[in-house]
Amino acid sequence: MYTTKAQVKLNNILKSRSAVVLAIESSCDDTGAAVVKDGRQVLSNVASSQLDVHRKYGGVVPEIASRTHIETLELLIEEALASASKGMADIDALAVTCGPGLVGALLVGVSAAKALAFALGIPLIGVNHMEGHLSAPFLTFPELAPPFMAVVVSGGHTQIMQVTDYCSYELIGASIDDAAGEALDKIARLIGLPYPGGPEIEKLALSGDSTVFSFTRPKTDGKYDFSFSGLKTAALNLYKKGAVAADLAASFQSAVVEYITDNAVEAAKAHNSAKLVLSGGVAANTLLRERLGVKCAKAGIQALWPDMAYCTDNAAMIGAAGYYRLLRGDISTLELNAHPSLRLI
Ligand code: KG4
Ligand code: ZN
């Protein structure tokens, strides 16, 4: 079902190609709301982290995540509107993450977005969280436009994608087991560091020697695929044998970073990509940025990554992705549901 009022609004947006989008993100443990104009201009981007709530359990507890989203979302939306100096009547469309993620957490955002879109009579756009990560660089680089090669490295995914056009992707490589962020989180947990482990490994690595341990890269069928599970098991065995935690953190981080950057740069070269874009939560890692920058410079490829605020989960990137979906008329009905295993391609 779609309301006539929303249809009229959509027609106007398609004509003007301009829209102020209210975006909601609640796929995991961060609640986010943002107001984004024309897919590029962030008028506001607010978030409430649940880290303190989950940390004592060593990871995200899905039921607690859903309940905390319920408690915070309404206030966050108000805050996003206020800091953008907008009222509900100024919003042209609603974008919301509908997957992949934790089903209960996703449902909180999806339900709120459906209710608001219906009440306001505006188009609703269900956004794939990974498309959000892929769109985050548009917020930092106003001139960036497809085609480009992208490497998305998060807690749930490690993928190399060719972005052939807006909303159009080809999968070039992916992890066949753990995501890079997931592997970092698991090693951090093993050595007693708090959740999320990626930033903690990064901190501990500063006092360690990355040359102490080396890790063999497992063979994968796809040339640009990854397998982090073997690296993780090797690190686990080293720790059991008494490896110094800081050296292990530094060596493991370095192995993960070299693996990602080698595959991504090789993929970009093989596809004659002039640009390689890094995004996702792990893109916040300084070593990853540095190494990608160095290898891209050597290959004559431009390396780009979003501002720190748009690397880890945030609603602004959902607003950017939502805008480009909107321009294609890819809108959702009020039957939109949460899809925990939603695929992009
Ligand atoms: O994109 P994201 O916020 O959520 C998902 O969609 O998964 O990514 C979260 C992941 C976690 O595994 C976290 O440990 C990792 O990103 N991460 C980092 C850093 N900051 C976040 N990994 C390495 N270095 C960092 N500075
Ligand atoms: Zn994410």
Side-chain angles (χ1 to χ4, degrees), residues 23-32 34 45 47-51 54-55 58-60 62 65 96-102 105-106 109 127-137 150-159 174-175 178-191 193-206 208 210 226 228 231-232 249-250 252-261 277-292 305-318 320-321 340-344:
I24 296 172
E25 156 65 39
S26 70
S27 64
C28 192
D29 59 341
D30 288 310
T31 326
N45 181 39
S48 169
S49 167
Q50 303 181 4
L51 263 189
H54 297 286
R55 202 162 246 168
V60 179
V96 63
T97 306
C98 61
L102 302 169
L106 288 164
V127 174
N128 183 306
H129 181 81
M130 297 314 290
E131 185 160 66
H133 278 304
L134 281 163
S135 306
V151 54
V152 194
V153 197
S154 73
H157 296 78
T158 305
Q159 292 177 329
S175 175
D178 289 359
E182 188 182 355
L184 287 165
D185 291 344
K186 285 180 182 166
I187 294 305
R189 193 175 174 153
L190 168 79
I191 53 187
L193 299 172
Y195 178 85
E200 299 294 330
I201 292 272
E202 180 167 28
K203 259 187 256 160
L204 183 61
L206 292 174
S210 66
F226 301 94
F228 291 105
L231 263 64
K232 194 189 62 192
F252 189 72
Q253 175 185 245
S254 170
V256 168
V257 162
E258 295 303 326
Y259 197 0
I260 295 168
T261 49
V277 171
L278 169 72
S279 68
V282 185
N285 186 278
T286 306
L287 184 68
L288 180 57
R289 292 167 172 224
E290 274 173 18
R291 296 297 294 145
L292 193 76
W305 44 80
D307 288 346
M308 216 50 122
Y310 308 134
C311 284
T312 43
D313 291 349
N314 66 90
M317 68 183 193
I318 304 302
S341 310
L342 187 66
R343 292 177 65 97
L344 187 54

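Read the numbers this way: they start at 1 and go in the same order the structure lists the ligands and their atoms. Every heavy atom of this structure was used, including side-chain atoms; hydrogens, water molecules and symmetry mates were not. All figures in this text were calculated on a predicted structure; none of them were measured in a lab.
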Residues in ring-ring contact (aromatic ring centres under 6.0 Å, His included) with Tyr259, at least two apart? Phe226, Phe228
Part of [X] within contact of ligand 1 (heavy atoms, under 4.0 Å):
| X | answer |
| --- | --- |
| Asp313 | both |
| His157 | neither |
| His129 | side chain |

Looking only at N/O atoms, are [X] and ligand 1 under 3.5 Å apart anywhere?
| X | value |
| --- | --- |
| Gly281 | yes |
| Gly181 | yes |
| Gly198 | yes |

Starting from atom 24 (N) of ligand 1, which protein heavy atom do you reach first, and at what distance in Å? Asn285 ND2, 3.1 Å
Please report which non-hydrogen protein atom sits nearest to atom 15 (C) of ligand 1, along with the residue it belongs to and the distance in Å to one decimal place. Val282 CG2, 3.8 Å
[X] versus [Y], closest heavy-atom pair with distance:
| X | Y | value |
| --- | --- | --- |
| Thr97 | Ser27 | CG2-CB, 3.9 Å |
| Ala23 | Ala315 | CB-O, 3.3 Å |
| Ala65 | Val60 | CB-CG1, 4.1 Å |
| Pro100 | Asn128 | CD-OD1, 3.6 Å |
| Ala179 | Gly155 | CB-O, 3.6 Å |

Distance filter under 4.0 Å to [X] heavy atoms, resulting ligand 1 atoms:
| X | answer |
| --- | --- |
| Glu202 | 24 (N), 25 (C), 26 (N) |
| Gly155 | 5 (C), 7 (O), 8 (O), 9 (C), 10 (C), 12 (O) |
| Ala284 | 20 (N), 26 (N) |
| His133 | 1 (O), 6 (O) |
| Asp185 | 11 (C), 12 (O), 13 (C), 14 (O) |
| Gly156 | 7 (O) |

Does at least one non-hydrogen atom of Pro199 fall below 4.0 angstrom from an atom of ligand 1? yes
Check whether any side-chain heavy atom of Ile260 sits under 4.5 Å from a side-chain heavy atom of Leu288, and report yes or no. yes
Around the Zn ion (ligand 2), how many protein N/O/S atoms fall inside 2.8 Å? 3
Report the C-alpha distance between Ser48 and Gln50 in whole Å, list the side-chain angles of each, state the deciding distance to 0.1 Å, and finish with yes or no for side-chain hydrogen bond (donor to acceptor under 3.5 Å, both in side chains). CA-CA 7 Å; Ser48 169; Gln50 303 181 4; over 6 Å; no
Just wondering, are more than 12 heavy atoms of other shown residues or ligands nearer than 6.0 Å to CZ in Arg189? no
Quick one about Glu202 and Thr286 (side-chain donor to acceptor, distance below 3.5 Å, no hydrogens or angles considered), yes or no? yes
